[in-house]
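Working notes, beginning with the structure itself.
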Amino acid sequence: MNEELGITIGMAARAAREHLGLTQAEVAERIGLVHPVYSRLERGKMLPSVPSLYRLCMELRVSPETLLGLTPSGEVRKGSKKQSPREADAPDLRRLLHLARKLDAEKLDALLHVASALAR
């Protein structure tokens, strides 16, 4: 295994995951890995398979170039735009939606009542 590449992918994955406000367990579940394996990936102890790399890019919303360390940090790619303040809230909203999808009807109804009360 190329240790330098493993560390590069792991660091980029962790930064993207934290930017989205996700836990390792959430990302692991979404890309079809068990948590300990995903943890090893972030620590640079293993390289992902090509299908796992693809799913990781899709879930973390980063390009393969970014994960592989082929773009300089902070580079703005052509066609990219700054996030609006509303889009900046998206990681927390996506996380809440992900958790809400796991609830049964009764618990989802309770969550809606709590959210409605908090929004007042």
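Position 1 is the first residue of the sequence; numbering continues from there. Quantities reported herein were computed from a predicted structural model and do not represent experimental measurements.
- Side-chain contact between V114 and L118 is present, with heavy atoms from C-beta onward closer than 4.5 Å.
- Note that OG1 of T66 and CD1 of I9 are 12.0 Å apart. Values are rounded to the nearest 0.5 Å.
- The shortest non-hydrogen separation linking L60 to A13 is CD1-O, 3.7 Å.
- There is a path of hydrophobic side-chain contacts, each under 4.5 Å, that joins L68 to I31.
- In terms of modelled atom types and a separation under 3.5 Å, the side chain of S116 and the main chain of L112 share a donor-acceptor contact.
- You'll find the side chain of L99 reaches within 4.5 Å of the side chain of E26, heavy atoms only.
- Between Q24 and R14 the shortest side-chain heavy-atom distance falls below 4.5 Å.
- Under the 4.5 Å side-chain heavy-atom criterion for Ile, Leu, Val, Met, Phe, Trp and Tyr, V50 and L33 are members of distinct hydrophobic clusters.
- In plain terms, the two heavy atoms of L53 and L67 that are nearest each other are CD1-CD1, 3.8 Å.
- In the hydrophobic clustering of this structure, L5 groups with L56; members are Ile, Leu, Val, Met, Phe, Trp, Tyr whose side-chain heavy atoms approach within less than 4.5 Å, directly or through other members.
- For the atom pair E3 CD and K45 NZ, the distance stands at 7.0 Å (nearest 0.5 Å).
- Taking both residues in full, the closest heavy atoms of C57 and S63 are given as SG-C, 4.0 Å, listed atom of the first, atom of the second, then distance.
- Considering only heavy atoms from C-beta on, R30 comes within 4.5 Å of L22 through its side chain.
- Rounding to the nearest 0.5 Å places CG of L108 at 11.0 Å from CZ of R101.
- Between the OH atom of Y38 and the CZ atom of R43 there is a distance of 12.0 Å, given to the nearest 0.5 Å.
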The test is side-chain contact (heavy atoms from CB on, under 4.5 Å); show your working for D109 and E106 and say whether it passes. CA-CA 5 Å; D109 188 50; E106 185 178 328; 5.8 Å; no
